[in-house]
Trainee: 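My structure is below; once you've seen it, I'll send some questions.
Just so we're on the same page: letters track the sequence lines, and every chain starts at 1.
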Protein chains: 2
Amino acid sequence: MKQTYCTAHLRSISDTLELIGGKWKLLILTLLHSESPMRFSEIERAIGTITPRMLSKELKELEQNELVERRVYPTMPVSVDYRLTDYGYSLGSVMVALGDWGKNHRRRIMHQPTIEAVNR
Amino acid sequence: MKQTYCTAHLRSISDTLELIGGKWKLLILTLLHSESPMRFSEIERAIGTITPRMLSKELKELEQNELVERRVYPTMPVSVDYRLTDYGYSLGSVMVALGDWGKNHRRRIMHQPTIEAVNR
DNA sequence: CCGGATCCGAAGCGATACTG
DNA sequence: CAGTATCGCTTCGGATCCGG
């Protein structure tokens, strides 16, 4: 019974990783969580190191998984923005947990001397 | 000021993803979170689809980042086990948040007809 | 039992240039 | 502004064989 529970739990984690895994998706979701909607170029600038190609691909996948909604406005030229869906917002606790731990981790790293510093 | 806050937040998330990103690390950590210590072959069987090569590599990286501790016992043949460090356990809230969301997500998927079913 | 060594294809990701 | 197209590098990850 314990085994069954475990494999089910592991599978649900694997499923989640397929949705939000990779280098960019969680960053995009976190951005949109703190500020929605955002335009394509706003996200691009906010992340700073993502290429348009990757941003476009990631947004498309997030949209297909219904975590992000894309809206197009018939202005001239066309303007587009992105926002979290309700389902996207339901990832809030994951983002907060990861962000909090990450901040703590960064502090931990800062206070450790680097290997290079030790070897000198 | 908001911009500063955001980029710092994004960087801490990127840092975290470098530690626990990828296909396997979170699965291994979650396993060890529910049961420590575990032996190499136990983890291998519990995950079911990981190759020894990958498991070895991932465990080594987790150990270098002080999330997992490796202990060797001078039996014959040598036996080894792995357990979470205290720092590893500090990721508990992240694992729980992700696992909970994943279970919910799996239920959501189950209740949606697949594309193939719709097209028939 | 616990891995290491090697090979190899697949996937992720980046750089650059281009378009409506 | 909001992407697409092409290319190529690098990493991921599986398969297989080997060793203490």
Trainee: NA contact type, A:Y73, heavy-atom cut-off 4.0 Å: base, sugar-phosphate, or nothing?
Mentor: nothing
Trainee: Can any side-chain N or O of A:S36 pair as donor or acceptor with the backbone N or O of A:L32 at less than 3.5 Å?
Mentor: yes
Trainee: Counting only side-chain nitrogens and oxygens, does B:S56 get under 4.0 Å of the OP1 or OP2 atom of C:dC2?
Mentor: no
Trainee: Rounding to an integer number of Å, can you tell me how far B:L55 CG sits from C:dG3 P?
Mentor: 8 Å
Trainee: Which nucleotide in the set C:dC1, D:dT4, D:dA2 lies at the smallest distance from any side-chain heavy atom of A:R39?
Mentor: D:dA2
Trainee: Grab the N/O contacts between the protein and nucleotides 12-14 of chain D below 3.5 Å, and write none if there aren't any.
Mentor:
from	atom 1	to	atom 2	distance (Å)
D:dG13	N7	B:R53	NH2	2.5
D:dG13	O6	B:R53	NH2	3.3
D:dG14	OP1	B:K23	NZ	3.2
D:dG14	N7	B:R53	NE	3.3
D:dG14	O6	B:R53	NE	2.6
D:dG14	O6	B:R53	NH2	3.1

Trainee: Please determine, by modelled atom types, if A:D81 and A:Y73 share a side-chain donor-acceptor pair under 3.5 angstrom.
Mentor: yes
Trainee: Considering just the side-chain nitrogens and oxygens of B:S79, establish if one lies under 4.0 Å of OP1 or OP2 belonging to C:dC1.
Mentor: no
Trainee: Send over the distance from A:L59 CG to D:dC1 P, rounded to a whole Å.
Mentor: 16 Å
Trainee: Among the nucleotides C:dC2, D:dC1, D:dG3, which one has an atom lying closest to any side-chain atom of A:S41?
Mentor: D:dC1
Trainee: Determine the sole option in B:T30, B:D100, B:L31 for which the side-chain contact (heavy atoms from CB on, under 4.5 Å) test with A:H9 is passed.
Mentor: B:T30
Trainee: Looking at B:R71, does any N or O in its side chain come under 4.0 Å of the phosphate oxygens OP1/OP2 on C:dC2?
Mentor: no
Trainee: Just to confirm, is there a sub-4.0 Å distance from OP1 or OP2 of D:dC1 to any side-chain nitrogen or oxygen of A:Y82?
Mentor: no
Trainee: Tell me whether the side-chain N/O atoms of A:K60 come closer than 4.0 Å to OP1 or OP2 in D:dT4.
Mentor: yes
Trainee: Is A:V96 reachable from A:I20 through a run of hydrophobic residues whose side-chain heavy atoms are each under 4.5 Å from the next?
Mentor: no
